[in-house]
Amino acid sequence: MSKELWKPGNMLYPLPVVMVSMTDRDGKYNIITLAWVGTICSDPPMVSISVRPERYSHPILKETGEFVVNLTTRELAFATDYCGVKSGRDVDKFREMNLTPLSGKEVAAPLIAESPVCIECKVKQILPLGSHDMFVAEVVAVHADSRYMDENNRFCLEKAEPIVYSHGSYLTCGEQLGTFGYSVRKGNKKS
(Lines give C-alpha, C1' and ligand atoms only; values in the text may rest on other atoms or scores of the structure.)
Protein backbone atom coordinates (compact mmCIF):
# COMPACT_ATOMS: atom_id res chain seq x y z
CA MET A 1 0.00 0.00 0.00
CA SER A 2 1.19 3.49 -0.72
CA LYS A 3 -0.19 6.85 0.31
CA GLU A 4 0.41 10.29 -1.16
CA LEU A 5 1.41 13.09 1.20
CA TRP A 6 -0.82 16.15 0.86
CA LYS A 7 -0.65 19.56 2.49
CA PRO A 8 -2.64 19.85 5.74
CA GLY A 9 -6.36 20.17 5.13
CA ASN A 10 -9.77 19.09 6.29
CA MET A 11 -10.28 15.56 5.01
CA LEU A 12 -12.80 14.41 7.59
CA TYR A 13 -15.49 13.23 5.15
CA PRO A 14 -18.33 12.50 4.75
CA LEU A 15 -20.01 15.04 7.01
CA PRO A 16 -23.61 15.53 8.01
CA VAL A 17 -25.10 18.34 5.94
CA VAL A 18 -27.78 20.37 7.69
CA MET A 19 -29.94 23.40 7.13
CA VAL A 20 -29.61 25.88 9.98
CA SER A 21 -32.61 28.15 10.36
CA MET A 22 -32.73 31.44 12.22
CA THR A 23 -34.66 34.66 12.50
CA ASP A 24 -33.24 38.15 12.76
CA ARG A 25 -34.35 40.79 15.27
CA ASP A 26 -36.97 42.01 12.79
CA GLY A 27 -38.54 38.55 12.44
CA LYS A 28 -37.11 37.76 8.98
CA TYR A 29 -36.33 34.06 8.56
CA ASN A 30 -33.19 32.69 6.94
CA ILE A 31 -31.60 29.31 6.26
CA ILE A 32 -27.92 28.50 5.77
CA THR A 33 -26.64 25.09 4.70
CA LEU A 34 -23.64 23.85 6.67
CA ALA A 35 -21.47 20.76 6.81
CA TRP A 36 -19.12 22.18 9.45
CA VAL A 37 -21.30 20.98 12.33
CA GLY A 38 -20.92 18.49 15.12
CA THR A 39 -21.74 17.08 18.51
CA ILE A 40 -19.36 18.37 21.16
CA CYS A 41 -20.88 17.32 24.49
CA SER A 42 -23.61 14.99 25.72
CA ASP A 43 -24.22 16.42 29.21
CA PRO A 44 -25.29 19.13 28.75
CA PRO A 45 -26.14 18.35 25.13
CA MET A 46 -24.14 20.73 22.94
CA VAL A 47 -23.38 21.16 19.25
CA SER A 48 -21.20 23.43 17.19
CA ILE A 49 -21.66 25.10 13.84
CA SER A 50 -18.95 26.98 11.99
CA VAL A 51 -19.79 29.95 9.77
CA ARG A 52 -17.63 32.36 7.78
CA PRO A 53 -17.94 35.93 9.16
CA GLU A 54 -18.77 37.31 5.69
CA ARG A 55 -21.87 35.13 5.35
CA TYR A 56 -25.24 36.88 5.65
CA SER A 57 -26.23 34.52 8.50
CA HIS A 58 -23.19 35.27 10.68
CA PRO A 59 -24.35 38.60 12.17
CA ILE A 60 -27.86 37.18 12.68
CA LEU A 61 -26.47 34.26 14.68
CA LYS A 62 -24.14 36.56 16.61
CA GLU A 63 -26.91 39.04 17.46
CA THR A 64 -29.72 36.61 18.34
CA GLY A 65 -27.70 33.71 19.75
CA GLU A 66 -30.32 31.21 18.58
CA PHE A 67 -30.69 28.75 15.72
CA VAL A 68 -32.22 25.42 14.74
CA VAL A 69 -30.23 22.57 13.19
CA ASN A 70 -32.52 20.77 10.72
CA LEU A 71 -31.36 17.38 9.46
CA THR A 72 -31.57 16.86 5.71
CA THR A 73 -32.81 13.99 3.57
CA ARG A 74 -32.86 12.75 -0.01
CA GLU A 75 -36.17 14.60 -0.42
CA LEU A 76 -34.55 17.83 0.86
CA ALA A 77 -31.32 17.55 -1.19
CA PHE A 78 -32.28 20.22 -3.76
CA ALA A 79 -33.38 22.68 -1.04
CA THR A 80 -30.26 21.87 0.96
CA ASP A 81 -28.03 22.84 -1.96
CA TYR A 82 -30.10 25.92 -2.83
CA CYS A 83 -29.95 27.22 0.74
CA GLY A 84 -26.17 26.84 0.64
CA VAL A 85 -25.56 28.75 -2.58
CA LYS A 86 -28.21 31.49 -2.45
CA SER A 87 -27.93 34.36 0.01
CA GLY A 88 -30.71 35.35 2.37
CA ARG A 89 -29.82 38.94 1.44
CA ASP A 90 -31.41 38.29 -1.95
CA VAL A 91 -34.09 35.60 -1.52
CA ASP A 92 -36.58 34.20 0.95
CA LYS A 93 -35.35 30.61 1.04
CA PHE A 94 -38.44 29.28 2.84
CA ARG A 95 -40.67 30.66 0.08
CA GLU A 96 -38.39 29.76 -2.84
CA MET A 97 -38.00 26.13 -1.70
CA ASN A 98 -41.59 25.70 -0.44
CA LEU A 99 -40.35 24.94 3.06
CA THR A 100 -42.69 25.30 6.02
CA PRO A 101 -41.52 27.29 9.06
CA LEU A 102 -42.80 26.03 12.41
CA SER A 103 -42.54 27.78 15.76
CA GLY A 104 -39.92 26.44 18.13
CA LYS A 105 -40.53 25.73 21.79
CA GLU A 106 -37.43 27.40 23.28
CA VAL A 107 -36.05 29.70 20.55
CA ALA A 108 -37.46 32.30 18.16
CA ALA A 109 -35.75 30.63 15.19
CA PRO A 110 -38.14 28.55 13.07
CA LEU A 111 -38.02 24.79 12.60
CA ILE A 112 -38.22 23.40 9.06
CA ALA A 113 -41.33 21.19 9.09
CA GLU A 114 -40.03 18.95 6.29
CA SER A 115 -36.92 17.99 8.30
CA PRO A 116 -37.07 14.69 10.22
CA VAL A 117 -35.19 16.16 13.19
CA CYS A 118 -35.03 19.79 14.32
CA ILE A 119 -32.63 20.73 17.10
CA GLU A 120 -33.23 24.04 18.89
CA CYS A 121 -29.99 25.66 20.09
CA LYS A 122 -28.84 28.62 22.16
CA VAL A 123 -25.32 29.97 21.61
CA LYS A 124 -23.05 29.79 24.65
CA GLN A 125 -19.78 30.88 23.08
CA ILE A 126 -18.38 32.13 19.77
CA LEU A 127 -14.82 31.15 18.94
CA PRO A 128 -13.05 33.02 16.11
CA LEU A 129 -10.82 30.35 14.57
CA GLY A 130 -9.62 31.76 11.24
CA SER A 131 -11.74 31.33 8.12
CA HIS A 132 -14.75 30.38 10.28
CA ASP A 133 -16.19 31.33 13.65
CA MET A 134 -17.45 28.40 15.71
CA PHE A 135 -20.77 28.88 17.48
CA VAL A 136 -20.85 26.56 20.49
CA ALA A 137 -24.46 26.04 21.50
CA GLU A 138 -26.55 24.17 24.03
CA VAL A 139 -29.36 22.00 22.71
CA VAL A 140 -32.55 23.21 24.40
CA ALA A 141 -35.17 21.15 22.53
CA VAL A 142 -35.35 18.38 19.92
CA HIS A 143 -38.29 17.70 17.61
CA ALA A 144 -38.51 14.31 15.86
CA ASP A 145 -40.99 13.56 13.09
CA SER A 146 -43.41 10.88 14.31
CA ARG A 147 -43.53 9.37 10.79
CA TYR A 148 -40.19 7.73 11.58
CA MET A 149 -41.20 6.02 14.83
CA ASP A 150 -41.56 2.25 14.65
CA GLU A 151 -43.99 -0.03 16.53
CA ASN A 152 -41.53 -0.19 19.48
CA ASN A 153 -41.40 3.62 19.69
CA ARG A 154 -37.83 3.60 18.32
CA PHE A 155 -36.86 6.50 16.07
CA CYS A 156 -35.75 5.18 12.65
CA LEU A 157 -33.92 8.07 10.99
CA GLU A 158 -32.72 5.75 8.20
CA LYS A 159 -36.30 5.68 6.86
CA ALA A 160 -35.99 9.42 6.13
CA GLU A 161 -32.94 8.72 3.92
CA PRO A 162 -30.53 11.24 5.51
CA ILE A 163 -27.81 12.72 3.34
CA VAL A 164 -24.16 13.61 3.90
CA TYR A 165 -21.68 15.89 2.15
CA SER A 166 -18.32 14.76 0.76
CA HIS A 167 -15.94 16.78 -1.41
CA GLY A 168 -18.69 18.83 -3.10
CA SER A 169 -21.19 15.98 -3.42
CA TYR A 170 -24.37 15.09 -1.54
CA LEU A 171 -24.71 11.38 -0.85
CA THR A 172 -27.31 9.17 0.78
CA CYS A 173 -26.22 6.98 3.67
CA GLY A 174 -25.54 3.36 2.82
CA GLU A 175 -26.54 0.05 4.30
CA GLN A 176 -26.28 -0.72 8.00
CA LEU A 177 -23.10 -2.66 8.78
CA GLY A 178 -23.72 -3.25 12.47
CA THR A 179 -24.98 -1.67 15.66
CA PHE A 180 -23.06 -0.18 18.56
CA GLY A 181 -21.09 -2.92 20.31
CA TYR A 182 -21.65 -5.60 17.64
CA SER A 183 -17.89 -6.23 17.34
CA VAL A 184 -17.64 -7.50 20.92
CA ARG A 185 -20.88 -9.45 21.20
CA LYS A 186 -20.54 -13.16 21.76
CA GLY A 187 -20.48 -15.10 18.52
CA ASN A 188 -19.49 -12.15 16.30
CA LYS A 189 -16.15 -12.49 14.57
CA LYS A 190 -14.45 -10.31 12.01
CA SER A 191 -14.95 -11.80 8.56
Side-chain angles (χ1 to χ4, degrees), residues 13-24 27-40 45-123 132-148 155 157-173:
Y13 288 105
L15 300 163
V17 59
V18 300
M19 292 189 286
V20 174
S21 52
M22 65 205 71
T23 186
D24 68 15
K28 180 182 174 191
Y29 295 156
N30 189 45
I31 303 168
I32 184 173
T33 297
L34 299 173
W36 299 98
V37 301
T39 298
I40 55 174
M46 297 183 80
V47 297
S48 68
I49 63 171
S50 293
V51 181
R52 289 181 180 272
E54 62 270 15
R55 296 291 297 263
Y56 173 72
S57 298
H58 188 280
I60 297 170
L61 293 164
K62 196 170 180 179
E63 182 179 301
T64 64
E66 297 181 345
F67 60 89
V68 177
V69 174
N70 301 275
L71 300 190
T72 57
T73 63
R74 176 189 291 267
E75 187 177 299
L76 289 170
F78 187 87
T80 300
D81 183 65
Y82 183 92
C83 291
V85 296
K86 289 292 192 175
S87 174
R89 285 184 191 95
D90 306 320
V91 296
D92 177 339
K93 298 177 192 181
F94 274 96
R95 188 179 72 240
E96 292 297 317
M97 291 293 100
N98 295 312
L99 297 171
T100 310
L102 296 176
S103 296
K105 182 176 176 349
E106 300 293 331
V107 300
L111 316 176
I112 298 174
E114 293 77 8
S115 173
V117 177
C118 306
I119 306 165
E120 295 186 52
C121 303
K122 289 190 178 185
V123 175
H132 291 70
D133 287 353
M134 179 186 286
F135 292 80
V136 175
E138 185 170 357
V139 173
V140 294
V142 177
H143 305 261
D145 192 325
S146 60
R147 290 182 296 169
Y148 304 110
F155 187 68
L157 181 59
E158 67 278 5
K159 290 181 180 178
E161 297 185 274
I163 60 174
V164 295
Y165 179 82
S166 183
H167 300 281
S169 297
Y170 303 101
L171 308 164
T172 56
C173 295

Using the side chain to side chain contact (heavy atoms under 4.5 Å, CB included) rule, take Cys121 and Val47 through it: C-alpha gap first, then chi angles, then the decisive distance, then the call. CA-CA 8 Å; Cys121 303; Val47 297; 3.7 Å; yes
Could you walk me through whether Phe67 and Val123 pass the side chain to side chain contact (heavy atoms under 4.5 Å, CB included) test, one step at a time? CA-CA 8 Å; Phe67 60 89; Val123 175; 3.7 Å; yes
Of the non-hydrogen atoms in Cys83 and Met97, which two are nearest, and what is the gap between them? SG-CG, 4.4 Å
Take Val107 and Val68 through the side chain to side chain contact (heavy atoms under 4.5 Å, CB included) test and state the conclusion after the steps. CA-CA 8 Å; Val107 300; Val68 177; 3.9 Å; yes
Closest non-hydrogen atom pair, Glu66 against Met22: O-CB, 4.2 Å
Between Leu99 and Leu76, does the side chain to side chain contact (heavy atoms under 4.5 Å, CB included) criterion hold? Intermediate values first, please. CA-CA 9 Å; Leu99 297 171; Leu76 289 170; 3.9 Å; yes
Which heavy atom of Cys118 sits nearest to which heavy atom of Asn70, and what is that distance? SG-OD1, 3.2 Å
With sequence neighbours left out, the residues meeting ring pair (Phe, Tyr, Trp, His ring centres under 6.0 Å) with Tyr13 are His167
Side chains of Asn30 and Tyr56: is there a donor and an acceptor less than 3.5 Å apart? no
Side-chain polar contacts of residues 137-146 - donor-acceptor pairs under 3.5 angstrom, sequence neighbours left out - could you list them?
unit_1 : atom_1 : unit_2 : atom_2 : d
His143 : NE2    : Glu120 : OE2    : 2.5
Asp145 : OD1    : Arg147 : N      : 2.9
Asp145 : OD1    : Arg147 : NE     : 3.3
Asp145 : OD2    : Arg147 : NE     : 3.0
Asp145 : OD2    : Arg147 : NH2    : 2.8

So, using side chain to side chain contact (heavy atoms under 4.5 Å, CB included) as the criterion, who are the partners of Val164 when residues are at least two apart? Pro14, Leu171, Cys173
Is there side-chain contact between His58 and Ile32, with at least one heavy-atom pair below 4.5 Å? no
Check: Tyr170 and Thr72 side chains under 4.5 Å, non-hydrogen atoms: no
Contact check, side chains of Val37 and Val69, non-hydrogen atoms, under 4.5 Å: no
Could you tell me whether the side chain of Lys62 and the main chain of Pro53 form a donor-acceptor pair under 3.5 Å? no
Can you list every pair that meets side-chain hydrogen bond (donor to acceptor under 3.5 Å, both in side chains) and has a residue in residues 84-110, with sequence neighbours left out? Thr100-Glu114
For Lys28 against Gly88, the heavy-atom pair lying closest together: NZ-O, 3.1 Å
Donor-acceptor pair, distance only, cut-off 3.5 Å: does the side chain of Thr33 make one with the backbone of Asp81? no
Measure the shortest side-chain to side-chain distance between Pro116 and Leu157 over non-hydrogen atoms and say whether it is less than 4.5 angstrom. yes
Check for a donor-acceptor pair, side chain of Ser21 on one end and backbone N or O of Pro110 on the other, with a separation under 3.5 Å. yes
Heavy-atom distance under 4.5 Å between the side chains of Ile31 and Phe94, does that happen here? yes
Test side chain to side chain contact (heavy atoms under 4.5 Å, CB included) applied to Ile40 - qualifying residues, sequence neighbours left out: Met46, Ser48, Val136
Do the side chains of Met19 and Ser115 get nearer than 4.5 Å, heavy atoms only? no
Holding to ring pair (Phe, Tyr, Trp, His ring centres under 6.0 Å), I want the full list of residues that pass it with Tyr82, two or more places apart in sequence or in another chain. none
